[in-house]
Amino acid sequence: VKQVESPALSPDGKWVVYVVRSMEPKPDATEDWFYHTHLWLAATDGKTPPRRLTFGANSNSSPAWHPDGRRIAFVRAAGAPPQINVLSLDGGEAAPFTKAETGATNPRWSPDGTKLFYFGYMSRYAS
């Protein structure tokens with residue numbers, strides 16, 4: 001089962017990055033499932049086939065375009081608290097941007113692209 005979510009339009013309107021969530025059965029199990037989320041990129045004119053941007057067992061979500069349209073910030077959960085990563089569309093691997101002990105979510109670039117804002121998790125609640 002696959003579901004599309006979180007579409008984000010590039011600054012020039014020519015591309016859309018989105019999340020594909022898939023549900024797959026666990027090997028050797030009858031009722032347990034894996035959930036994977038990966039980023040995909042598609043041209044808005046429909047002439048170029050979509051291409052997958054992220055791979056592996058990590059969960060990737062919440063894409064946000066850099067104002068120059070050449071980079072995407074996103075959330076990666078890799079068995080630890082989720083962190084912000086940045087992926088260049090010029091090629092290469094995603095690079096970690098945060099190392100927040102309690103995790104980081106919802107990346108948003110400043111209008112000039114010089115800052116990346118995000119939300120952090122609270123690890124404890126005051127009583």
Side-chain angles (χ1 to χ4, degrees):
V1 175
K2 295 187 186 291
Q3 177 180 347
V4 175
E5 47 190 61
S6 304
L9 193 61
S10 65
D12 64 7
K14 294 181 180 181
W15 299 95
V16 62
V17 64
Y18 56 94
V19 175
V20 173
R21 179 182 304 276
S22 62
M23 185 172 79
E24 302 166 21
K26 287 184 180 178
D28 303 324
T30 57
E31 295 186 29
D32 291 323
W33 300 88
F34 282 121
Y35 292 89
H36 296 284
T37 55
H38 291 287
L39 302 183
W40 285 73
L41 181 70
T44 56
D45 64 9
K47 294 179 181 177
T48 305
R51 69 179 169 110
R52 190 168 162 177
L53 295 176
T54 59
F55 297 87
N58 299 320
S59 178
N60 303 286
S61 61
S62 304
W65 286 92
H66 186 277
D68 69 10
R70 295 179 22 221
R71 290 174 276 177
I72 297 169
F74 66 96
V75 176
R76 173 169 280 169
Q83 301 294 332
I84 306 299
N85 280 241
V86 176
L87 177 65
S88 171
L89 294 180
D90 294 334
E93 295 291 322
F97 185 83
T98 61
K99 291 182 182 178
E101 183 179 328
T102 58
T105 63
N106 298 334
R108 296 293 179 263
W109 294 98
S110 62
D112 65 0
T114 61
K115 296 175 185 68
L116 183 58
F117 301 94
Y118 59 89
F119 290 105
Y121 288 118
M122 292 182 63
S123 59
R124 297 186 186 129
Y125 293 99
S127 54

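Of the possible polar contacts, one joining the Thr98 side chain to the Ile84 backbone as a donor-acceptor pair under 3.5 Å is found. Put simply, the side chain of Gln83 gets close to the backbone of Ala100: a donor and an acceptor are under 3.5 Å apart. A distance-only check finds a donor-acceptor pair linking the side chain of Thr44 to the backbone of Gly13 [under 3.5 Å].
Sorted pairs that involve residues 37-58 and meet salt bridge (charged side-chain N to carboxylate O under 4.0 Å, His left out), not counting sequence neighbours, are lacking altogether. Evaluation of the salt bridge (charged side-chain N to carboxylate O under 4.0 Å, His left out) test over residues 53-66, restricted to residues two or more places apart or in two chains, returns none. The list of salt bridge (charged side-chain N to carboxylate O under 4.0 Å, His left out) pairs with a residue in residues 62-88, not counting sequence neighbours, reads Asp68-Arg71, Arg70-Asp90. Screening residues 77-86 for salt bridge (charged side-chain N to carboxylate O under 4.0 Å, His left out) gives no qualifying pairs among residues at least two apart or on separate chains.
Ring orientation note: the planes of Tyr18 and Trp40 are close to parallel, at an angle under 30° on the 30°/60° scale.
Between Asn85 and Phe97 there is no side-chain heavy-atom pair separated by less than 4.5 Å.
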Margin query: Between Ser22 and His36, does the side chain to side chain donor-acceptor pair (under 3.5 Å) criterion hold? Intermediate values first, please.
Written below: CA-CA 5 Å; Ser22 62; His36 296 284; 5.6 Å; no
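Listed here is the closest heavy atom pair of Ala8 and Pro63: CB-O, 3.9 Å. Taking both residues in full, the closest heavy atoms of Thr37 and Ser59 are given as OG1-OG, 2.7 Å, listed atom of the first, atom of the second, then distance.
Here the OH-OG distance, from Tyr118 to Ser62, works out to 14.5 Å after rounding to the nearest 0.5 Å.
Counting Ile, Leu, Val, Met, Phe, Trp and Tyr side chains that sit under 4.5 Å apart, directly or through other members, Leu41 shares a hydrophobic cluster with Trp15, Val17, Val19, Leu39, Leu53, Trp65, Ile72, Phe74, Leu87, Leu89.
When the side chain to side chain contact (heavy atoms under 4.5 Å, CB included) test is applied to Ser110, the partners found at least two apart in sequence or on another chain are Asp112, Thr114, Lys115, Phe117.
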